[in-house]
Amino acid sequence: MGKTALGELYRALLKEHGPQGWWPLLGVRGTNPTKTGSLRGYHPGDFTYPRNAGQRFEICVGAILTQNTAWPNVEKALLRLKAVKALSAAALLGLPEKELAAHIRPAGYFNQKAKKLKVFAHFFQGLPGRTPTRDELLSLWGIGPETADSILLYAYRVPTFVVDAYTRRVLLSAGMTRETRYDALKALFERSLPRDAALYQEFHALLVEHGKGSEDYGRSRR
DNA sequence: TTCCAGGCAATAC
DNA sequence: GTATTGCATGGA
């Protein structure tokens, strides 16, 4: 791993919180040993997911639904989609947008997100067996840098680092940087760490867990 | 009751 | 280029 400051941070977070087992998947047995969020679907220390196209699509849907939204709300929406058998690209595209919006209501911003899911599902259908590029994802309406990187890292195991609000908060609070620009922070991680998808997954999840747990970060205004 | 959560696009300057 | 605003639910 190397003894960079970020390497040290990673080891400290892993020691404090233990392996997180992201991305959570409905129907996966694992447990989340930590305190926050749902207990469903986490698989600590197992980086072999997704194991099929269904799980891959589910991760992508979750990545879109969790935009500025607490995970338990996303989970409610995912469970409803699963209950009506709409958790596949084809099935989701077969639903009228209004119905889709009604199903994902608990995840918030449901009108916008219904549209985003439609756009993404159409794109997903068009790339059988191929990994999308970051630029392709970014060109889609509703997919920004964090969602694109989450999809690449967790659904396709591409070693690209995900930066989110917690990443900024934890690094700023640790006095490691004042940088806030997405691409600059992403580059900072990627040049300090080995290019390893499992490591990036674990590190990102740990930053979120740590950020959630610590109450006294200066919550920067959006 | 208010504040916030694993962002993004549109608009304004 | 950076700053602000709308989008919306459910839990603390």
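Here is the naming used below: chain letters follow the sequence lines, and residue numbers restart at 1 for every chain. Predicted model only: the values in this text are computed from it and were never measured.
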Taking A:R11 first and then A:E8, would you say they form a salt bridge - that is, a charged N and a carboxylate O separated by under 4.0 Å?
yes
Would you call the rings of A:Y42 and A:W22 parallel, tilted or perpendicular, where under 30° means parallel and over 60° means perpendicular?
tilted
Taking N or O atoms only and anything under 3.5 Å, show me the protein contacts with nucleotides 10-13 of chain B, one pair per line.
{"residue": "B:dA10", "atom": "OP1", "partner": "A:W141", "partner atom": "NE1", "Å": "3.4"}

Begin with the C-alpha distance, continue with both residues' side-chain angles, and end with the deciding distance and a verdict on salt bridge (charged side-chain N to carboxylate O under 4.0 Å, His left out) for A:R40 and A:E75.
CA-CA 9 Å; A:R40 185 191 296 271; A:E75 194 175 81; 3.7 Å; yes
How far, in whole Å, is B:dC8 from C:dG10 if one measures between their P atoms?
22 Å
Touch class at under 4.0 angstrom, heavy-atom based, for A:A107 against every strand present
nothing
Answer with base, sugar-phosphate or nothing: what part of the nucleic acid does A:K113 contact at a heavy-atom distance below 4.0 Å?
nothing
Would you classify A:I64 as touching base, sugar-phosphate or nothing, given that sugar-phosphate means primed atoms plus P, OP1 and OP2, and contacts are heavy atoms under 4.0 Å?
nothing
Looking across every strand, which nucleic acid part, if any, lies under 4.0 Å from A:Q112 by heavy atom: base, sugar-phosphate, or nothing?
base
For atom OH of A:Y109 and atom C1' of C:dA8, their distance in whole Å:
6 Å
Ring centroid separation A:F189 to A:Y200 under 6.0 Å:
no
Starting at OG1 of A:T48, measure out to NE2 of A:H43 and round the result to the nearest 0.5 Å.
7.5 Å
